[in-house]
Number of protein chains: 2
Amino acid sequence: MDTRTYLLDCAETAARQRGYDAFSYADLAREVGIRKASIHYHFPLKADLALNLIERYAERFFAALDEIAGRQVSPADHLRAYHAIYRNALANGTQLCLCVAMSAGRSSLPGPVLDRVNQFHADSVAWLAAIFATGIRDGSLPSEIDPDAEGMATLALMEGAQLIARAAEDLTLFDSATASFLSRLNSRNTSRSSA
Amino acid sequence: MDTRTYLLDCAETAARQRGYDAFSYADLAREVGIRKASIHYHFPLKADLALNLIERYAERFFAALDEIAGRQVSPADHLRAYHAIYRNALANGTQLCLCVAMSAGRSSLPGPVLDRVNQFHADSVAWLAAIFATGIRDGSLPSEIDPDAEGMATLALMEGAQLIARAAEDLTLFDSATASFLSRLNSRNTSRSSA
DNA sequence: GTCTATAGACTGATAGAC
DNA sequence: GTCTATCAGTCTATAGAC
């Protein structure tokens with residue numbers, strides 16, 4: 001693997017485990033096995049590294065969502081797959097989704113990176129809203145819910161559940177926090193006929 | 001006001017706006033108007049300050065919850081008041097609940113402080129679960145929900161909604177994320193008779 | 001591309017005068 | 001209780017040799 005990619009991989013893990021400002025070029029150099037001055041060749045400023053990090057992550061993340069959206073399954077199954085992404089990203093309670101990690105350490109984030117984080121949120125809500133809208137249209141989800149609000153609520157639930165589970169390093173807290181979301185998906189498609 | 005209290009007030013604001021490791025004794029000294037060495041007289045280690053911070057905050061927070069629980073109103077009203085606390089704590093999208101801020105910067109947190117944060121979460125879930133249990137008992141909330149899971153979900157939703165709203169410094173994102181939670185409270189007490 | 005060496009600023013923390 | 005002065009350690013970042 002080339003050094004640049006290796007640096008991004010290590011930096012991503014560090015940022016997700018400890019936060020953006022809690023890992024340094026010195027840490028990174030030690031782990032990758034080069035000197036910290038050499039990192040500046042690949043990423044002159046730490047802000048460059050951060051921007052590459054979130055952009056690479058968003059690309060990967062939304063590619064996964066595209067793959068999920070393309071599956072010929074119910075909207076509820078799409079949402080279950082979305083849930084699974086956040087659950088897996090937790091890595092047993094040791095690390096957060098990069099976007100959650102960066103939302104958390106907002107203050108020290110370079111402006112463009114913060115913008116990217118907010119766009120990540122907006123894109124996520126748009127994806128979720130589309131799924132909910134489909135579910136309402138085909139009758140598998142109740143029509144009184146608002147797709148946008150439900151999308152925002154789902155994103156907030158996942159981020160909050162990750163935060164709580166990681167604080168205690170206990171994956172079961174994530175499962176507990178999202179249990180009612182999942183069970184609401186089950187009850188819906190058996191409940192009502194049209195309204 | 002005595003210096004110690006003033007220090008705690010300024011530190012709390014700083015931690016909630018920028019995070020625990022993003023404010024220094026130098027910042028604090030500048031704001032309070034004493035030298036940073038003097039802060040060490042009141043709080044020898046920054047860990048001492050952090051522990052006092054979270055303990056004072058938890059005391060205030062759960063006193064507010066006690067006051068809410070004592071009101072002679074419906075469980076749904078109790079939950080609406082709980083929601084209002086998190087909404088107000090956001091201060092228009094500029095700062096987080098201290099517990100959310102500390103969950104976020106977990107890595108650099110002294111052990112005892114992290115323990116206190118996790119206890120804060122557990123106590124919150126217990127309080128919420130009791131409210132949900134009451135609502136199920138009196139028939140105002142549907143009986144198929146699990147009080148503990150619903151409590152965890154509610155806490156996660158509030159924390160996640162705060163995180164997203166603060167990232168964009170936009171209170172309306174909090175409102176959007178919690179709208180379906182609130183509307184679920186409305187629909188319940190008019191829907192079913194016993195089951 | 002990677003290195004050594006260094007700059008300049010900042011961190012939490014301590015010693016000791018007043 | 002607050003001060004001055006200082007310490008050792010960390011950080012991001014740069015200059016210039018190889």
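Chain letters run A, B, ... following the sequence lines, proteins first, then strands; residues in each count from 1. This is a predicted model, so every value here is computed, not measured.
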* Asked: Does C:dG1 have OP1 or OP2 sitting under 4.0 Å from an N or O in the side chain of A:Tyr41?
  -> yes
* To do: May I have all residue pairs that pass salt bridge (Lys or Arg N to Asp or Glu O under 4.0 Å) and include part of residues 128-138 of chain A, sequence neighbours excluded?
  => none
* Asked: NZ of B:Lys46 versus P of C:dC10: gap in Å, rounded?
  -> 15 Å
* Structure fact -> Residues of residues 1-35 of chain A with a heavy atom under 4.0 Å from any atom of DNA chain C, listed by number, are A:Thr3, A:Ile34, A:Arg35
* Asked: Partners of A:Arg4 by salt bridge (charged side-chain N to carboxylate O under 4.0 Å, His left out), sequence neighbours excluded?
  -> none
* Structure fact -> Taken to the nearest whole Å, CD1/A:Ile39 to P/C:dT4 is 13 Å
* To do: Please identify each residue that fulfils ring-ring contact (aromatic ring centres under 6.0 Å, His included) with B:Phe62, with sequence neighbours left out.
  => B:Phe120
* Over 60° means perpendicular and under 30° means parallel, so classify the ring planes of A:Phe61 and A:Tyr82, tilted if in between. => perpendicular
* To do: Return the set of residues passing ring-ring contact (aromatic ring centres under 6.0 Å, His included) with B:Phe174 (not counting sequence neighbours), or none when no residue passes.
  => B:His83
* Structure fact -> Here the side chain to side chain donor-acceptor pair (under 3.5 Å) pairs for residues 113-136 of chain A, sequence neighbours left out, are A:Ser103-A:His121, A:Gln119-A:Asp123, A:His121-A:Glu159
Shorter than 3.5 Å, N or O on both sides, protein versus nucleotides 14-17 of chain D: list them out with atom names.
none

* To do: State which residues pass ring-ring contact (aromatic ring centres under 6.0 Å, His included) with B:Tyr6; sequence neighbours excluded, sorted by chain then number.
  => none
* To do: Ignoring backbone atoms, test whether A:Ser38 places a side-chain nitrogen or oxygen under 4.0 Å from the OP1 or OP2 oxygen of C:dC3.
  => yes
* Can you tell me which residue pairs pass the salt bridge (Lys or Arg N to Asp or Glu O under 4.0 Å) test with a partner in residues 70-79 of chain A, sequence neighbours excluded? => A:Glu67-A:Arg71, A:Asp77-A:Arg80
